[in-house]
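Treat the numbers as computed from the prediction; the structure is a model and nothing was measured.
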2 protein chains.
Amino acid sequence: MYFCVNKYLMTRSEENYIKTIFHLGRKGTQEVATNAIAELMETKPSSVTDMIKRLSEKDLVNYKRYQGVSLTALGNKTALGIIRKHRLWEVFLVEKLDFSWDEVHEVAEQLEHIKSDKLIDSLDRLLAYPKFDPHGDPIPDKNGGFKERDRELLSEVPINTGGVCVGVKDSSATFLKFLDKNGIALGNQIKVMEIEEFDGSLNIEIDGRKMQISHVIASNLYIKANDGI
Amino acid sequence: MYFCVNKYLMTRSEENYIKTIFHLGRKGTQEVATNAIAELMETKPSSVTDMIKRLSEKDLVNYKRYQGVSLTALGNKTALGIIRKHRLWEVFLVEKLDFSWDEVHEVAEQLEHIKSDKLIDSLDRLLAYPKFDPHGDPIPDKNGGFKERDRELLSEVPINTGGVCVGVKDSSATFLKFLDKNGIALGNQIKVMEIEEFDGSLNIEIDGRKMQISHVIASNLYIKANDGI
DNA sequence: ATTATAATTTAGGCAAATCTAAAAATTTGT
DNA sequence: ACAAATTTTTAGATTTGCCTAAATTATAAT
Ligand SMILES: [Mn+2]
Ligand SMILES: [Mn+2]
Ligand SMILES: [Mn+2]
Ligand SMILES: [Mn+2]
């Protein structure tokens, strides 16, 4: 098949594999391991091998036995398309249907597989072309254009650093509900006041209010440091 | 399986069969034939038999070999849930995303399978609880409540009858585009002025404008007759 | 009442996506 | 360098959903 724009022929399962490989490929720059895919997708390595072969057949991934897998240009573009849909739907659910940020992911996992360019582009327009999803993750544009916002983990910045909370690393419902309960949200001004040597916990000031958070919490919050004067 | 609320375990294919059986069951009051299902779903009778057995196993349909099939109470409720979703999504596409009424069906066929009560009920609220979809078909409420609007085919009403165009029987893109081209839309006032004996074509007045339409067209337009004084 | 026709079901097979168990290749530890 | 541990792949089975071809049952025609 020459020039196979296979976007519309892909199964849901294939799309989910491509998306997972994309996410795993971002972290390390190297090839993605079969076991890593299996673990993240809660499936068996043998199933992964099967699927990888099919994806390789369709020119979505580069694959050599025992050597791990990586996305081709086509695979990458496909992944960005799915992620665009996922994140736009998440914005829709929050902005238009009053979902909370811990409820959107599950439904977006389904909606991201709906096939219609017109649908997703109209949705984009309805939402006024948002650049970030409810968890602070960037939304690829129509052409897969991606602006990775420059941000740092709260746990990694030096003392006295102030900035805006712009994202979460873990976007599990558990963590998000924890943040809600403690009044931590995207957009808040956060300043690191003190770091406990003993357990790495942080004393922070968040929108003027003082509180203490564990290292684990801090290592799952992204801030964008305030512009130095 | 006792008390199996299987709504969330159903496959897309199963849902499509249930929906088709529902639609076919509405017309004639009797059992639905295997061949009728196969034809409407563009599949083979043997495939239908296969699926019917599975659905029967799950208590969604009543089935006796060679005797046709009908929905159980559970099957009926399931069908109404899917149709509710389909039609609400169609309204969404037209009202919020500026789709035209001939573009919505295909996408709604996909969206109707998204599983989330919260999603569909929020969508219902966003749309202000619409009672009819863009083609004039009634939208079941949360509990499957259905108000079949009383309406008649334009081809069946006597001469001089006037009424509002409230629906289409055929909602194929071809027919809908034809109506667009000829300035016929839901909400128009239509009055039958004359019926040609030769070919059954009708002279009508539509929102004041006179035009002639074939019998085929008239037999695919529903009107609600004006209240007599 | 047979026979012909039509509808439906069965039998057997195939592709996608998964699994378990076993084999093969790679990596690690000494 | 070689054995042990780990990772990955293969082999073979299962389920869903579909197909073709053949058999069965029901219906219509004479
Ligand atoms: Mn998500
Ligand atoms: Mn997100
Ligand atoms: Mn429709
Ligand atoms: Mn409709």
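Per the geometry, CD belonging to B/E14 stands 10 Å off P belonging to D/dC18, to the nearest Å. Going from atom CE of B/M10 over to atom P of D/dG17 covers 9 Å, rounded to whole Å. Separating the CG atom of B/L55 from the P atom of D/dT16 is a distance of 12 Å, rounded to the nearest angstrom. The CD1 atom of A/I37 sits 9 Å away from the P atom of D/dT9 (whole-angstrom rounding). Rounded to an integer number of Å, the gap from NZ of A/K44 to C1' of C/dA17 is 15 Å. Rounded to an integer number of Å, the gap from CD of A/E57 to C1' of C/dA16 is 14 Å. For the pair B/I52 CD1 and D/dT16 P, the computed distance is 17 Å after rounding to whole Å. Taking atom CG of residue B/D50 and atom C1' of nucleotide C/dA15, one finds them 15 Å apart after rounding to whole Å.
The shortest distance between the side-chain N/O atoms of B/Y17 and the OP1/OP2 oxygens of D/dC18 is below 4.0 Å. Taking only side-chain nitrogens and oxygens, B/S46 never comes nearer than 4.0 Å to OP1 or OP2 of C/dT10. An OP1 or OP2 oxygen of C/dT10 is reached within less than 4.0 angstrom by a side-chain nitrogen or oxygen of B/K53. Close to C/dA16, at under 4.0 Å from its OP1 or OP2, lies no side-chain N or O of A/R54. Here B/N35 does not reach the OP1 or OP2 of C/dA6: none of its side-chain N or O atoms lies under 4.0 Å away. In terms of phosphate contacts, A/T11 brings a side-chain nitrogen or oxygen within less than 4.0 Å of OP1 or OP2 of C/dA17. For the pair B/T49 and C/dT9, the criterion of a side-chain N or O lying under 4.0 Å from OP1 or OP2 is met. For A/S47, a side-chain nitrogen or oxygen approaches OP1 or OP2 of C/dC19 to under 4.0 Å.
Using modelled atom types, one side-chain atom of A/K131 and one backbone atom of A/Y129 make a donor-acceptor pair closer than 3.5 Å. Between the side chain of B/T20 and the backbone N or O of B/I37, no donor-acceptor pair lies under 3.5 Å. At distances below 3.5 Å, not a single donor-acceptor pair connects side-chain atoms of B/D170 with backbone N or O atoms of B/N220. Remark: the backbone N or O of A/K115 is paired with a side-chain donor or acceptor of B/Q110 at under 3.5 angstrom.
To the nearest 0.5 Å, the span separating OH on B/Y17 from OG on B/S13 amounts to 5.5 Å.
For the segment residues 64-72 of chain A, the set of residues with a heavy atom within less than 4.0 Å of an atom of DNA chain D comprises A/R65, A/Y66, in numerical order.
Applying side chain to side chain donor-acceptor pair (under 3.5 Å) to A/R84 and the options A/D121, A/N143, A/D141 leaves one that passes, A/D121.
Aromatic ring orientation, A/F92 versus A/W89: perpendicular (interplanar angle above 60°, classes split at 30° and 60°).
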